[in-house]
Amino acid sequence: MTFADNLYVGESIKHKSERILSRMEQNKFLMEVFCITKASNPNNLYDIYNYLEFKQPYYKDKPIHILGIAGSKQEAMELVASMLITEGVVS
């Protein structure tokens, strides 16, 4: 699992983001963390996953590059909207 240099972080977890990232790197369980990655489907831009989904055997040997983290799915969707505006995809 790798993280983007310009990692987007939701407001609800910004104050504890370093601890969350550390726990993710240690492969620990985290309940309410949602991750934003590039889309697995080329017709989409981003995917949103609950961090616990990456605990499934399917992801064990898959490269995962995290672009953003949020404290809820709603916050992750808002973060994606912000990312689209920041990156100039929408205006």
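Residues take their numbers from the sequence shown, with the count starting at 1. Owing to the predicted nature of the structure, the values given are computational and were not obtained by experimental measurement.
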All side-chain hydrogen bond (donor to acceptor under 3.5 Å, both in side chains) counterparts of E78, not counting sequence neighbours: Q74
side-chain hydrogen bond (donor to acceptor under 3.5 Å, both in side chains) filter on E11, not counting sequence neighbours, yields K14
For N44, enumerate each residue passing the side-chain hydrogen bond (donor to acceptor under 3.5 Å, both in side chains) test, keeping only those at least two apart in sequence or located in another chain. none
Partner set under side-chain contact (heavy atoms from CB on, under 4.5 Å) for R23, not counting sequence neighbours: R19, K28, L30
Could you tell me whether N6 atom CG has more than 12 heavy atoms of other residues or ligands within 6.0 Å of it? no
Quick check for you: to the nearest 0.5 Å, what is the distance between M83 atom CE and I36 atom CD1? 5.0 Å
Among residues at least two apart in sequence or on other chains, which ones pass salt bridge (charged side-chain N to carboxylate O under 4.0 Å, His left out) with K16? none
Any residue meeting side-chain contact (heavy atoms from CB on, under 4.5 Å) with D5, in chain and number order, not counting sequence neighbours: none
Identify, with sequence neighbours excluded, every residue that meets side-chain contact (heavy atoms from CB on, under 4.5 Å) alongside Y58. K62
Any heavy-atom pair between the side chains of F54 and M24 that's under 4.5 Å? no
Do other residues, nucleotides or ligands put more than 12 heavy atoms under 6.0 Å from the NZ atom of K38? no
Which heavy-atom pair separates L7 from I66 by the least distance, and what is that distance? CD1-O, 3.6 Å
Under a 4.5 Å cut-off applied to non-hydrogen side-chain atoms, are M1 and C35 in contact? no
Does D47 have any side-chain contact (heavy atoms from CB on, under 4.5 Å) partners at least two apart in sequence or in another chain, and if so, which? T37, A39, S40, Y49
Results of side-chain hydrogen bond (donor to acceptor under 3.5 Å, both in side chains) for Q26 - residues two or more places apart only: S22
Rest of the hydrophobic cluster containing M31 (Ile/Leu/Val/Met/Phe/Trp/Tyr, side-chain heavy atoms under 4.5 Å)? F29, L52
Hydrophobic cluster identity match, Y46 and Y59, side-chain contacts under 4.5 Å: no
Would you compute the distance between atom CD1 of I20 and atom CD1 of I13 and round it to the nearest 0.5 angstrom? 4.0 Å
Mind listing the closest non-hydrogen atom pair of S72 and F34 along with its distance? C-CD1, 3.4 Å
Over all heavy atoms of both residues, which pair between F3 and E25 is shortest? Give the atoms and the distance, please. CE1-CG, 3.6 Å
Answer yes or no: is there a side-chain heavy-atom contact under 4.5 Å between I69 and Y51? no
Could you work out, with ring-ring contact (aromatic ring centres under 6.0 Å, His included) as the rule, every residue matching Y8, not counting sequence neighbours? none
Considering all heavy atoms of both residues, which atom of E75 and which atom of S12 are nearest to each other, and what is their separation? OE1-OG, 2.6 Å
